[in-house]
Amino acid sequence: LCGEKEVHMTLEKAKELLKVQADFGGFYNANSAKLILAEVTREHGQAAVDRLIRDLNLDKVFGFEAGMHFEGGLVIKK
């Protein structure tokens with residue numbers, strides 16, 4: 001849209017948002033986390049996603065693993 005700034009997901013903001021989702025846990029928060037990780041993938045790449053999964057223990061909270069690829073609310077491949 002004309003005149004609107006494009007907003008980017010910083011890794012700091014992604015980590016902050018993912019921490020909130022992880023603290024709550026559960027199915028709906030896992031879906032929100034997938035959406036956040038999909039955005040991180042687009043803007044920062046798979047290595048950044050893998051690092052966030054490890055740093056925030058998303059493997060234990062949501063069963064996410066390093067190498068999982070997120071698109072929207074879906075895990076596409078590992």
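Just so you know, these numbers come straight off a predicted model, no measurement behind them.
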Are Leu11 and Leu17 co-members of a hydrophobic cluster defined by side-chain heavy atoms under 4.5 Å apart?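 They do share one cluster, since a chain of ILVMFWY contacts under 4.5 Å joins Leu17 to Leu11.
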About how many Å separate [atom2] of [Y] and [atom1] of [X], when rounded to the nearest 0.5 Å?
X     : Y     : atom1 : atom2 : value
Thr41 : Met9  : OG1   : CE    : 11.0 Å
Ile76 : Glu71 : CD1   : CD    : 4.5 Å
Lys34 : Leu18 : NZ    : CG    : 13.0 Å

Would you mind writing out the side-chain donor-acceptor pairs for residues 21-29 within the sub-3.5 Å range, not counting sequence neighbours?
{"residue": "Gln21", "atom": "OE1", "partner": "Asn29", "partner atom": "ND2", "Å": "2.8"}

Ignoring hydrogens and geometry, is there a side-chain-to-backbone donor-acceptor pair from His44 to Glu39 under 3.5 Å?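 Not a single qualifying donor-acceptor pair exists.
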Checking Val40 against Phe70 for the side chain to side chain contact (heavy atoms under 4.5 Å, CB included) test, could you report, in this order, the C-alpha distance in whole Å, the side-chain angles of both residues, the deciding distance, and whether it holds? CA-CA 9 Å; Val40 171; Phe70 299 88; over 6 Å; no
If I compare all heavy atoms of Val49 with all of Met68, which pair ends up nearest, and what's the gap?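 Heavy-atom minimum between the residues: CG1-O, 4.4 Å.
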Closest heavy-atom pair and its distance - Ala33, Phe64: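 Taking every non-hydrogen atom into account, CB-CE1, 3.8 Å.
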Residues forming a side-chain hydrogen bond (donor to acceptor under 3.5 Å, both in side chains) with Lys13, sequence neighbours excluded: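 Checked Lys13 against side-chain hydrogen bond (donor to acceptor under 3.5 Å, both in side chains); matches are Glu16.
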With a cut-off of 3.5 Å and sequence neighbours excluded, list every side-chain donor-acceptor pair involving residues 50-62.
{"residue": "Asp50", "atom": "OD1", "partner": "Gln46", "partner atom": "NE2", "Å": "2.9"}
{"residue": "Asp50", "atom": "OD1", "partner": "Gly67", "partner atom": "N", "Å": "2.8"}

